[in-house]
There are 2 protein chains.
Amino acid sequence: MIWDMARAPTTLDSFNAVAEPRRRQVLGLLSEGELPVNEIVDSLGWNQPQVSKHLGVLLEVGLVKVRHAGRQRFYSLDAAPLKEIHDWTATFEHFWQHQLDRIKERAESKQALARSRGNVPPGGLSAS
Amino acid sequence: MIWDMARAPTTLDSFNAVAEPRRRQVLGLLSEGELPVNEIVDSLGWNQPQVSKHLGVLLEVGLVKVRHAGRQRFYSLDAAPLKEIHDWTATFEHFWQHQLDRIKERAESKQALARSRGNVPPGGLSAS
DNA sequence: ATATCATATACCGATATTGGAATACATCCA
DNA sequence: TGGATGTATTCCAATATCGGTATATGATAT
């Protein structure tokens with residue numbers, strides 16, 4: 001029998017690449033501008049090989065670009081692939097909005113009930 | 001030496017849960033409404049244990065809810081956790097927008113150049 | 001009680017990831 | 001040429017995944 005891959009490689013797409021919290025941290029850092037590996041290492045306080053490896057994954061899925069300059073390598077953000085994730089989640093946007101609405105409605109009706117019973121007003125502190 | 005987890009479990013958060021394409025498919029299907037496992041199996045054409053396992057992961061990260069009804073289990077979408085992903089990607093939204101702008105500008109300037117040389121107009125077919 | 005239907009769980013093999021340490025590679029400088 | 005600096009790659013152990021098959025649990029009906 002032929003065995004499939006256990007789990008999609010992190011380099012398959014941005015969904016997988018970005019599932020790793022550390023990689024999200026790197027992207028956040030790079031959103032402030034291009035940085036050489038060394039500064040990422042200092043900024044995040046990880047060891048250098050780990051930084052390089054995470055950058056490698058991000059590079060492979062196209063979330064970062066590299067610019068070689070002497071013995072330094074400047075990495076910069078390329079957020080375009082994140083759009084796919086953004087678009088996909090946007091598909092569900094109205095669900096959580098409706099849910100928040102329902103939660104808010106419930107909270108408000110509860111407060112209204114409390115008010116009608118002579119309790120504290122919404123958002124107010126008890127008399128002091 | 002103590003060894004850390006190799007890779008974050010899929011049940012750690014919605015980022016990891018949703019990295020798996022199959023799980024995204026399930027969520028898409030459930031966005032049309034509550035469904036019993038059996039119908040998900042039929043709809044997607046996977047075998048039943050696999051469907052149950054994916055639902056288990058989604059359940060654990062709070063992306064679906066279950067309603068027990070006799071021997072059936074109705075799963076429904078709970079998209080709220082996707083908001084975190086949406087919000088995170090939104091952080092980068094202006095990056096890809098700028099990039100698209102730049103691409104568009106480049107394309108337009110190229111077309112303008114072509115027009116000035118007497119080539120076909122933008123979006124138009126050649127004279128026929 | 002027993003058979004049937006709906007779903008969950010356990011087991012297995014293959015895979016590939018993660019962090020850490022050591023090392024290779026590549027570039028610059030003296 | 002040789003040393004120092006910046007970065008990538010290799011090796012390792014532990015872990016958890018995914019799909020498939022078989023089996024267990026749970027509820028209903030006869």
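Just so we're on the same page: letters track the sequence lines, and every chain starts at 1. The structure displayed is predicted, hence computed values, not measured ones. Reckoned from all heavy atoms, side chains included, excluding hydrogens, waters and symmetry mates.
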Its contact letters, B for base, S for sugar-phosphate only and - for none at protein heavy atoms under 4.0 Å, make nucleotides 24-30 of chain D read --BBB--
Partners passing side-chain hydrogen bond (donor to acceptor under 3.5 Å, both in side chains) against B:Arg73 (at least two apart in sequence or in another chain)
none
Quick one: list whatever passes side-chain contact (heavy atoms from CB on, under 4.5 Å) with A:Asn47, sequence neighbours left out.
A:Pro49, A:Gln50
Sequence neighbours excluded, every pair satisfying ring-ring contact (aromatic ring centres under 6.0 Å, His included) that has a member inside residues 56-86 of chain B
A:His86-B:His86, A:Trp96-B:His86
Distance in angstrom units between A:Phe74 CZ and C:dT27 C1', rounded
14 Å
Sequence neighbours left out, what passes side-chain contact (heavy atoms from CB on, under 4.5 Å) with B:Glu60? Give chain and number order.
B:Thr11
For DNA chain C, determine which residues of residues 42-57 of chain A have any heavy atom closer than 4.0 angstrom to one of its atoms, and list them numerically.
A:Asn47, A:Pro49, A:Gln50, A:Lys53, A:His54
Atom CG of B:Asn16 and atom P of D:dT15: how far apart are they, to the nearest Å?
18 Å
Mind checking what makes side-chain hydrogen bond (donor to acceptor under 3.5 Å, both in side chains) contact with B:Gln48, not counting sequence neighbours?
B:Ser52
Kindly assign one of parallel, tilted or perpendicular to the pair A:Phe92 and A:Phe95, based on the angle between their ring planes and the thresholds 30° and 60°.
tilted
Show me the pairs that pass salt bridge (Lys or Arg N to Asp or Glu O under 4.0 Å) and involve residues 36-56 of chain B, at least two apart or across chains.
none
At under 4.0 Å, does any side-chain N or O of B:Tyr75 touch on OP1 or OP2 of C:dA8?
yes
Length of the line joining A:Arg67:CZ and D:dT7:C1', which is rounded to integer Å:
15 Å
Name every donor-acceptor pair, under 3.5 Å, that has one atom in a side chain of residues 27-34 of chain B and the other anywhere in the protein, sequence neighbours excluded.
| unit_1 | atom_1 | unit_2 | atom_2 | d |
| --- | --- | --- | --- | --- |
| B:Ser31 | OG | B:Gly28 | O | 2.6 |
| B:Glu34 | OE1 | B:Arg67 | NH2 | 3.0 |
| B:Glu34 | OE2 | B:Arg67 | NE | 2.7 |
| B:Glu34 | OE2 | B:Arg67 | NH2 | 3.4 |

Atom-pair distance (NE2 on A:His68; C1' on D:dT7), nearest Å:
10 Å
Side-chain N or O of B:Arg7 versus OP1/OP2 of C:dG19: is the shortest distance under 4.0 Å?
no
Find out whether B:Val18 and A:Thr89 are in side-chain contact, i.e. whether some heavy atom of one side chain is under 4.5 Å from a heavy atom of the other.
no
Who are the side-chain hydrogen bond (donor to acceptor under 3.5 Å, both in side chains) partners of A:Asp87, not counting sequence neighbours?
A:Lys83
Residues from residues 34-41 of chain B sitting under 4.0 Å of DNA chain C, heavy atoms only?
B:Pro36, B:Val37, B:Asn38
Listed partners of A:Arg7 passing side-chain contact (heavy atoms from CB on, under 4.5 Å), at least two apart:
B:Arg7, B:Thr10, B:Asn16
